[in-house]
Amino acid sequence: MTQAEGTFNRLANPTRFMGLASTILPWLTGLTAILLVAGLYLAFFVAPEDYQQGHTVKIMFIHVPFAWLAMMGYSVIAIASIGSLIWRHPMADVAAKTAAPIGACFTLLALITGSLWGKPMWGTYWVWDARLTSVLLLFFLYLGLMALWQAIEEPSRAGRAAAILAIVGSVNIPIIKFSVDWWNTLHQPASVVKLDGPAIHSSILIPLLIMAAAFTCLFFVLHLMAMRTEVLRRRVQALRLTHVDAAGATQGARA
Amino acid sequence: MSAFMSLIARDLRLAWREGGAISTALGFYLVVVAILPLGLGPDLNLLARIAPGILWVALLLAALLSVDRIFHNDHEDGTLEIIALGPLPLELVAAAKATAHWISIGIPLTLAAPILALLLNLPAEAFWVLVLTMATGTPAISFLGALGAALTLGLGRGGLLLALLILPLYTPVLIFGVAAMNAVITGPSPFLSSYLILCAITLATVVLAPIAAAAALRLNLN
């Protein structure tokens with residue numbers, strides 16, 4: 001067994017995971033705070049204003065990280081789903097379940113900040129641009145996953161059903177992306193200001209990268225916390241079930 | 001192979017003798033197509049322009065309505081477990097039931113589409129494309145629907161959940177189906193490229209969806 005496999009297997013034990021999570025979390029939270037403060041300072045006070053877009057360019061510093069995390073969140077779910085389907089890794093199941101609401105939030109935030117940015121820039125809150133549409137469809141996939149998790153009561157069954165859906169979704173996302181690109185170029189030839197038109201100057205790029213790193217750390221802080229909560233919730237559930245069983249047994253004995 | 005064919009034959013016989021599912025889907029299709037002009041206005045030029053989209057979206061909704069029946073009845077009375085114990089692997093069971101759904105729902109809806117297209121003033125040269133693209137796209141709709149039905153098997157509010165799970169996955173079929181029709185009606189983009197991509201999507205779905213559906217069935221049968 002290689003070292004990586006050893007760590008992978010050791011993490012399957014929720015207690016070990018809890019220990020590891022509580023060691024990492026304070027450091028990661030601190031790092032997130034530092035990066036976020038630094039990134040916000042740079043973005044708002046140091047980065048120059050765009051000569052065309054003025055103040056509104058500041059939205060980019062949160063919008064781009066949100067959009068990136070929307071995709072990363074789904075990748076986390078897809079990888080965790082493979083782990084939970086193939087190796088029946090119990091923490092992978094927890095990881096996939098808890099990543100979904102966080103990823104969905106970031107996707108929604110990306111859509112909202114995008115449309116707030118779109119209003120002054122394009123004159124409308126929403127355009128059926130290929131990129132916007134595919135992010136919207138990604139949001140629907142997140143909603144479907146969360147709904148499936150809620151609909152099935154038994155956690156292990158819900159986890160595996162959602163894992164199948166997540167993997168199907170990850171196969172489908174490139175096709176959806178491709179088809180939406182195709183659809184848009186057929187109907188309205190590019191009329192939209194593209195972000196990647198001119199090369200981004202380093203005075204904007206560096207704050208953007210720091211913000212991206214900050215929000216990525218924030219994602220993992222929230223994810224670790226959510227995973228911890230989920231493990232505790234399952235333990236409470238198990239304890240309650242044993243209590244109910246014990247109470248049922250004593251009543252049965254009395255009767 | 002004979003088990004596969006006899007499962008299809010059995011499902012078709014059941015669908016034919018029950019009758020309800022086909023006529024409900026057809027009726028739903030008719031009502032949705034008929035009600036949209038009431039909201040959009042009777043302008044025939046506008047309707048002709050958006051007819052491909054209306055016909056395709058209504059087809060998706062009508063198929064979606066019937067898709068959760070693919071496994072439901074067999075699961076409820078225990079037949080599905082017997083079938084699962086039989087010689088046929090679950091992947092082929094899922095494929096057979098999806099094929100039966102396509103024959104019993106997909107083909108009637110496809111054949112009804114040209115009649116409804118008359119209501120929407122679809123240009124005459126587009127009728128053959130309408131039938132061709134729908135005949136090509138509906139297998140993908142049935143097979144993805146079987147996957148959704150397998151995932152939501154035995155859940156109370158399966159129908160609504162199914163729509164949320166499956167409709168985003170239907171978007172490529174919808175986009176290329178409508179694109180192929182628009183290519184013929186308005187040009188200038190070539191018909192064949194959209195149509196071949198639609199074929200590719202259907203072929204890939206027909207191969208891959210039964211595997212995922214069988215995994216979901218195994219989960220729900222244990």
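Just so it is clear: chains get the letters A, B, ... in the order the sequence lines come, proteins before strands, and each one is counted from 1.
Of the two parts of A:I164, only the side chain, counted from C-beta on, holds a non-hydrogen atom closer than 4.5 Å to a non-hydrogen atom of chain B. Using a 4.5 Å cut-off between heavy atoms, B:L153 contacts chain A through its backbone alone, with no side-chain atom that close. The contact between B:I197 and chain A is made entirely by side chain atoms (from C-beta outward), counting heavy-atom distances below 4.5 Å. Contacts of B:L147 with chain A are made by side-chain atoms alone, with heavy-atom separations under 4.5 Å and no backbone atom involved. Using a 4.5 Å cut-off between heavy atoms, B:L219 contacts chain A through both its backbone and its side chain.
Within 6.0 Å of CZ on B:R49 lie no more than 12 heavy atoms contributed by other residues, nucleotides or ligands.
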- Task: Evaluate the criterion side chain to side chain contact (heavy atoms under 4.5 Å, CB included) for residue pair B:L122 and B:M181; output intermediate values, then yes/no.
- Result: CA-CA 10 Å; B:L122 187 77; B:M181 288 185 62; 4.1 Å; yes
Please test A:V94 against A:F17 for side chain to side chain contact (heavy atoms under 4.5 Å, CB included), starting from the C-alpha separation and ending with a verdict. CA-CA 11 Å; A:V94 173; A:F17 167 80; over 6 Å; no
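Comparing B:I166, B:L169, B:L167, B:L144 by heavy-atom pairs within less than 4.5 Å of chain A, the highest count is held by B:L169. Heavy-atom pairs under 4.5 Å with chain B were tallied for A:L136, A:I152, A:I173; the largest tally goes to A:I152. In terms of heavy-atom pairs under 4.5 angstrom with chain A, the leader among B:I201, B:I211, B:L164 is B:L164. Among A:L148, A:I167, A:V171, the residue with the largest count of heavy-atom pairs under 4.5 Å with chain B is A:L148.
Counting only heavy atoms from C-beta outward, the side chains of B:M134 and B:W56 approach each other to under 4.5 Å.
Aromatic ring centres of A:W149 and A:Y142: separated by at least 6.0 Å. B:F71 and B:H75 have their aromatic ring centers separated by at least 6.0 angstrom.
If you run ring pair (Phe, Tyr, Trp, His ring centres under 6.0 Å) between A:F215 and each of A:F61, A:F66, A:F220, only A:F66 comes through.
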